[in-house]
**Q** 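Can you keep this structure in mind? I'll have questions shortly.
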Amino acid sequence: MVRTRYAPSPTGYMHIGNLRTALYEYLIAKRYGGIFILRIEDTDRNREVYGAVEKIRQTLRTAGLAYDEGPDAGGEFGPYVQSERVEIYMRHAQELVDKGKAYYCFCDKKRLESLDDGLGNSKYDRRCLNLSKEEVKRNLDDGIPWVIRQLIPEGDTAFVDQVYGEITISNSELDDQILIKSDGMPTYNFANVVDDHLMLITHVVRGNEYLSSTPKYNLLYDAFGWQIPTYIHLPLILNEKGEKLSKRRGDASFEDLLEAGFLPEAIVNCIALLGWSPSDNQEIFSLEELSRSFDLKGLSKSPSTFDVTKLTWMNGEYFRRMDPEKFYELSLGSLKESVKLKSVDLKKVAELVQPRINFIHEIPALVDFIDALPEYDASLYTHKKMKTNSQNSLESLKKALQALESLDCWDEQSLHARIFKLIEELGIKNGQMLWPIRTALSGKPSSPCGATELCALLGRDLSLKRLRLGIEKLISCSD
RNA sequence: GGCCUGUUGGUCAAGUGGUUAAGACACGGCCCUCUCACGGCUGUAACAGGGGUUCGAAUCCCCUACAGGUCACCA
């Protein structure tokens, strides 16, 4: 049984890199009919941000990444919040101490700092390693602050990552890492290993910033005599500046993107393709399709840059493919806001607008002419490709007005028939009639539909009124 | 600085010794068209550099450069 976990620390919002990790963990679990778990890693009390856990849950929910086990989902391996598991870590640390694979350390911060070589290397010198049992007990009884450190053995540690292949690191690179901090809390490294084992995690999926510390984990698994999980390290996602995404730098969060008008499905789809590609060239994937197609072989090693342009295209693609009924519901708020005229069929407007937008917020600018004819210049009637100018436009509008005034049936079909008949009678180009009408009715260089559809949309009274206005405008400008 | 990893068009990204080096986004052109958009067709544009190995290298090896990661009582 495949079991994966998303194990965030509640230190803020989820940027898209975090989300992608969660997504892949979800997909790997689902792909193999496994279990996806949420575990909160809140062992650093100082960095905890109020409300962050709720934000994480909310994000996962909106993205559709339902977890099978977790703080609010239950499961038989709980609790799923690390701060509620401190005794477990302490017990396990003690076990290692008893086995001689870890030891108490009483060195204070000051001494540790003196070990720093200024280049980022501050390897612990194992001063406390050889403390006798009695000395340790005395220090403990005296209430001297302590930590528990792991004794890193000599040699090399090698492991196989599913993405990066075999990696070997010399243990001399590794510090005797702290397992239990002086506040009694476990370090991330320790809690992570203990929990992954206890929660029967089979596939550890995480960003490749953990690649070089993975040997530490393995040494811990070895010290306990536990089985090492399958490792899947993911290439990083970079921002436009080529830097690793970070919350501190304010890089795009899932919420920001939602706020900007992106659909959750589009976001998920888009980030799924950052660092992974399917065996065919499919680009649009539902979450369900992803969990069927996801394959470790498609994972990439090299970092990628998140590009909003592509997401924007994909967002439009999602709108275009959306069920018209659903699109109508989604756009209704915006439509009602921008079109107050009761005679206008909003469903029709939604239909017209659907293939033309990447964002809902683009709707108002597309339909603003419906309620109020914008101020426009008579030069709009002159269109080279349509072969129109103010003179022939004026003629066309006059004829059109005349023809339409006497039209009995004001529906798109009749309008279309009448106008095209008129064109034929006059022996002019389609554009020479249609462009002036479209212009007079919309007052804009472009509109979400053509002349005849505009007539139908606006209704008889409004259409005729705007045709007359157009005529007046052309007459006054030719004076 | 040590260690680890990476480097195919502007971006995403196929490719695993022999290809005219896919495809998508973006950009340009054309077509379709009742404007715009959609759609269709098409164009510009890439194997970081240098050495090897090989009949043959984007693919294998080495070196260099660049980028990122990591070296915490952060996760």
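Each chain gets a letter, A, B and so on, in the order its sequence line appears, and its residues count up from 1. Computed over heavy atoms, backbone and side chain alike; hydrogens, waters and symmetry mates excluded.
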**Q** Got Leu299(A) and Leu296(A) here, is their nearest side-chain heavy-atom distance under 4.5 Å?
**A**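 In contact.
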
**Q** Once salt bridge (charged side-chain N to carboxylate O under 4.0 Å, His left out) is applied, what residue pairs with a partner in residues 148-163 of chain A remain, sequence neighbours excluded?
**A**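 Checked against salt bridge (charged side-chain N to carboxylate O under 4.0 Å, His left out) - neighbours excluded - no pair reaches residues 148-163 of chain A.
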
**Q** Tell which nucleotide pairs with rA57(B), taking only Watson-Crick or G-U wobble pairs whose two distances are both under 3.5 angstrom.
**A**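 Its partner: none found.
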
**Q** Can you tell me how far C1' of rG68(B) sits from CG of Leu211(A), to the nearest Å?
**A**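 Atom-to-atom, Leu211(A) to rG68(B), this comes out as 12 Å.
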
**Q** For the ring pair Tyr376(A) and Phe369(A), is the centre-to-centre distance below 6.0 Å?
**A**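 Ring centroids of Tyr376(A) and Phe369(A) are no less than 6.0 Å from each other.
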
**Q** What residues, two or more places apart in sequence or in another chain, satisfy ring pair (Phe, Tyr, Trp, His ring centres under 6.0 Å) together with Tyr24(A)?
**A**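 Per chain and number, Tyr24(A) pairs via ring pair (Phe, Tyr, Trp, His ring centres under 6.0 Å) with Phe294(A).
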
**Q** Is the phosphate of rU5(B) approached by Ser302(A) (side-chain N or O, under 4.0 Å from OP1 or OP2)?
**A**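 So the side-chain polar atoms of Ser302(A) never come under 4.0 Å of the phosphate oxygens OP1 or OP2 of rU5(B).
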
**Q** Using atom P in both nucleotides, what's the gap between rG69(B) and rA57(B) to the nearest angstrom?
**A**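 Between the two P atoms, the distance is 35 Å.
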
**Q** Please list, one pair per line, the donor and acceptor atoms closer than 3.5 Å that link side chains of residues 423-432 of chain A to other protein atoms, with sequence neighbours excluded.
**A**
unit_1: Gln432(A); atom_1: OE1; unit_2: Lys429(A); atom_2: N; d: 2.9
unit_1: Gln432(A); atom_1: NE2; unit_2: Lys387(A); atom_2: O; d: 3.0

**Q** Mind checking who rG43(B) pairs with, Watson-Crick or G-U wobble, both distances under 3.5 Å?
**A**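 Its partner is rC27(B).
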
**Q** Would you mind building the protein contact string for nucleotides 44-50 of chain B? One character per nucleotide, 5' to 3', B for base within reach (heavy atoms under 4.0 Å), S for sugar-phosphate only, - for untouched.
**A** -------

**Q** What's the OH-P distance between Tyr210(A) and rG68(B), to the nearest Å?
**A**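 About 19 Å, once rounded to whole Å.
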
**Q** To the nearest Å, how far apart are Glu173(A) CD and rG69(B) C1'?
**A**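 My rounded result for the distance is 14 Å.
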
**Q** Using the salt bridge (charged side-chain N to carboxylate O under 4.0 Å, His left out) rule, collect all pairs that involve residues 347-366 of chain A, keeping only residues at least two apart or in two chains.
**A**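 Non-adjacent pairs meeting salt bridge (charged side-chain N to carboxylate O under 4.0 Å, His left out): Glu325(A)-Lys347(A), Lys348(A)-Glu351(A), Lys348(A)-Glu412(A).
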
**Q** Tyr6(A) and Asn18(A): side-chain donor and acceptor closer than 3.5 Å?
**A**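 Distance-only check fails for Tyr6(A) and Asn18(A).
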
**Q** How close or far is atom P of rU5(B) from atom CZ of Arg206(A), stated in whole angstroms?
**A**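 It is 16 Å, rounded to the nearest whole Å.
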
**Q** Whole Å only: how far is the CG atom of Asp42(A) from the C1' atom of rC74(B)?
**A**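 Rounded to whole Å, this separation is 13 Å.
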
**Q** Keeping to residues at least two apart or across chains, list the salt bridge (charged side-chain N to carboxylate O under 4.0 Å, His left out) pairs with something in residues 265-275 of chain A.
**A**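 Not a single pair qualifies under salt bridge (charged side-chain N to carboxylate O under 4.0 Å, His left out).
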
**Q** By side chain to side chain contact (heavy atoms under 4.5 Å, CB included), which residues pair with Ala158(A), not counting sequence neighbours?
**A**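 Ala158(A) satisfies side chain to side chain contact (heavy atoms under 4.5 Å, CB included) with Glu166(A), Thr168(A) only.
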
**Q** Checking base pairs now: Watson-Crick or wobble, both atom distances under 3.5 Å. What partners rA72(B)?
**A**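 Across any shown strand, rA72(B) pairs with none.
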
**Q** Classify the nucleic acid contact of Asn281(A) as base, sugar-phosphate or nothing, counting any heavy atom under 4.0 Å across all strands shown.
**A**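 Base contact - Asn281(A) has a heavy atom under 4.0 Å of at least one base atom.
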
**Q** Return a single string for nucleotides 25-42 of chain B, one symbol per nucleotide in 5' to 3' order, where B is base contact, S is sugar-phosphate-only contact and - is none, cutoff 4.0 angstrom on heavy atoms.
**A** SS------BBBBBS----

**Q** Is the shortest side-chain N/O distance from Lys181(A) to OP1 or OP2 of rC74(B) below 4.0 Å?
**A**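 Affirmative; the distance criterion is met.
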
**Q** Roughly how many Å is it from NZ in Lys109(A) to P in rA72(B), rounded to a whole number?
**A**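 After rounding, the reported distance stands at 12 Å.
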
**Q** Whole Å only: how far is the CG atom of Asp280(A) from the C1' atom of rG15(B)?
**A**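 Atom-to-atom, Asp280(A) to rG15(B), this comes out as 15 Å.
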
**Q** Pair up each side-chain donor or acceptor in residues 445-455 of chain A with any protein partner under 3.5 Å, not counting sequence neighbours, and list the distances.
**A**
unit_1: Ser447(A); atom_1: OG; unit_2: Arg438(A); atom_2: NH1; d: 2.7
unit_1: Ser447(A); atom_1: OG; unit_2: Cys449(A); atom_2: O; d: 2.8
unit_1: Glu453(A); atom_1: OE1; unit_2: Gly450(A); atom_2: N; d: 3.3

**Q** Whether Thr43(A) contacts rA75(B) is assessed here as follows: a side-chain N or O lying under 4.0 Å from the phosphate OP1 or OP2. Is that the case?
**A**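 Thr43(A) to rA75(B) OP1/OP2: side-chain N or O found under 4.0 Å.
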
**Q** Could you check which nucleotide pairs with rC66(B) in any of the strands shown, counting Watson-Crick or G-U wobble with both distances under 3.5 Å?
**A**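 Base-paired to rG6(B).
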
